[in-house]
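By convention in this document, chain letters (A, B, ...) are assigned in the order of the sequence lines, proteins followed by strands, and residues within each chain are numbered from 1.
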2 protein chains.
Amino acid sequence: MPAAPARTFKPTPAGRRGAATAERILDAAEGLFAERGYSATTLRDVATRVGIQNPSLYNHFESKEALYAAVLERDIGPVLEALSEFLLDGSEGSGDPAQVAERVMELLARRPRLPRLVAHETLSGGDQLTRMLREWMVPVFARAHRMVEISPGAERWNPDQIPHLVLAMYHIVIGYFTIAPLYEALTGDDLLAEQALERQTRLLREIVGALFTSTEKSAG
Amino acid sequence: MPAAPARTFKPTPAGRRGAATAERILDAAEGLFAERGYSATTLRDVATRVGIQNPSLYNHFESKEALYAAVLERDIGPVLEALSEFLLDGSEGSGDPAQVAERVMELLARRPRLPRLVAHETLSGGDQLTRMLREWMVPVFARAHRMVEISPGAERWNPDQIPHLVLAMYHIVIGYFTIAPLYEALTGDDLLAEQALERQTRLLREIVGALFTSTEKSAG
DNA sequence: CCAATAGACTAACTAGCGCTAGTTTGGTAA
DNA sequence: TTACCAAACTAGCGCTAGTTAGTCTATTGG
């Protein structure tokens, strides 16, 4: 029996149809939190989107904060899991920045709202950032840092530039998903469409390739 | 009533000491809006930071929205002006992506809260983005797009990848300033310190150099 | 079949928001 | 000095937020 993860919220055991409603609530809340951020999202909006009255939310989550935490956990959990699995299992290219970047794009493309949630958090949560985010962010960046250090072409960079380089790659990826709604509003193009996502993945591959390869090209 | 009293026209719309207070209000509001975003910032917080009572704000700004608009305008205006001046006057390197990027870094380093304001806007303002932001964002991106098209090494990119490339550069720059407070909270390092800003500028120069140069190096 | 209960509802509370009204204060100019 | 007025203050209104209490209903296990 695998150890149950620390179930911090969910006051009610949630019966059969209750579990389904909880899921719908999470979907609605995810969308709204991703669009507007925590404080601009009201529970009445969430409830309306679900099609219930707002006090009914309390049958499934004990507070707005708990709902928010549940949304984050549901989204971040699988991504982190898949990512660290990919990184740890020593499968081909798990140490190659380009392939890691590609994998991240793949994972986020399936949860395109997560980057916006993270962006809202990193914007508003300067000091009091969600514990969850703190917990994964530091190790993930540390790992990326190490990966860059041992990548080909690392000698091009000053050691103290590597954190900046990692941040830059992070922002390219997160920023892309984050700006998608605005970009569509301004230009009409959907950055989350399959074609656009492919373009972005290809671009990312080329950028990483251009930055993490010794100046002479060594195709493999 | 006639009796138009001599009343020499006022140099400032607000009285002498009033103008100074308005400036302090703008400073305080800028900080809070940049930290927390619009809806998470209360006028009472702003007033407290200024050291006055919140109704006094209405002696200087007619509403929260007006205050917010004033903050944005005060920050964005000079940057846009300086930037378009640099781009239009045909000074050396005004068509060189690396130098433009450097100039942008310079401008933003002097107003490090502006990127956070913009980030909040682009995150929350999907549909109802501030008019101001809409007005500068599209032309700025269009100009960047054109610059990339005619830059050396443009043949490396598919035409439909160029918008993505521009976005990527945008996100590297904006993201850097945006994440600074969080980064400091997590690592203790201040990304807005002079040294760090220099490192970032150098990094940006190298990244742009690696991406916007024909594969063979042609130093000039 | 009935009692238990998950899960919806309505009603309403409290806190805090943006904002207004009316008053006081202190510097400036006649 | 005195009149004026920008700009501060205190008090509080109306509204909406998150949250709680209590009720009704329909599914379900014994």
[N] [atom2] sits how many Å from [X] [atom1], rounded?
| X | N | atom1 | atom2 | result |
| --- | --- | --- | --- | --- |
| A/Y58 | D/dT19 | OH | P | 3 Å |
| A/I52 | C/dA8 | CD1 | P | 6 Å |
| A/L57 | C/dA6 | CG | P | 18 Å |
| B/D45 | C/dC17 | CG | C1' | 11 Å |
| A/L43 | D/dT19 | CG | P | 6 Å |
| A/Q53 | C/dA6 | CD | P | 22 Å |
| A/F61 | D/dT20 | CZ | P | 16 Å |
| B/N54 | D/dC13 | CG | P | 16 Å |

If you assign each of A/G51 and B/Y38 to its closest nucleotide in DNA chain C, which residue comes earlier from the 5' end?
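Comparing both residues, the 5'-ward one is A/G51.
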Indicate, yes or no, whether a donor-acceptor pair under 3.5 Å links the base of D/dG18 to the side chain of A/R44.
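Present.
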With distance as the sole criterion, do the side chain of B/N59 and the base of D/dA6 form a donor-acceptor contact below 3.5 Å?
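Flag unset: no donor-acceptor pair detected.
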Passes side chain to side chain contact (heavy atoms under 4.5 Å, CB included), A/Q200 versus A/L191? Steps please.
CA-CA 9 Å; A/Q200 175 72 3; A/L191 293 182; over 6 Å; no
Using the ring centroid of each side chain, check whether B/Y176 and A/H164 are separated by less than 6.0 Å.
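Centroid separation for B/Y176 and A/H164: below 6.0 Å.
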For B/Q195, I'd like to know if atom CD has over 12 heavy atoms of other residues, nucleotides or ligands within 6.0 Å.
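For B/Q195, atom CD is not crowded (no more than 12 foreign heavy atoms under 6.0 Å).
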Any [X] side-chain N or O less than 4.0 Å from OP1/OP2 of [N]:
| X | N | answer |
| --- | --- | --- |
| A/H60 | C/dA8 | yes |
| B/S56 | D/dA7 | no |
| A/T21 | C/dA8 | yes |

Look at the aromatic rings of A/Y38 and A/F33 and report parallel, tilted or perpendicular, splitting at 30° and 60°.
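A/Y38 and A/F33: parallel rings.
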Residue B/T42, side-chain heavy atoms: nucleotide from C/dA21, C/dG18, C/dA11 that is nearest
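Shortest atom-to-atom distance from the side chain points to C/dG18.
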B/S39 near the nucleic acid: base, sugar-phosphate alone, or nothing, with a heavy-atom cut-off under 4.0 Å?
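Answer is nothing: B/S39 stays at 4.0 Å or more from every strand.
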Does the side chain to side chain contact (heavy atoms under 4.5 Å, CB included) test come out yes or no for A/D27 and A/R74, once each step is laid out?
CA-CA 10 Å; A/D27 290 339; A/R74 189 181 67 150; 2.9 Å; yes
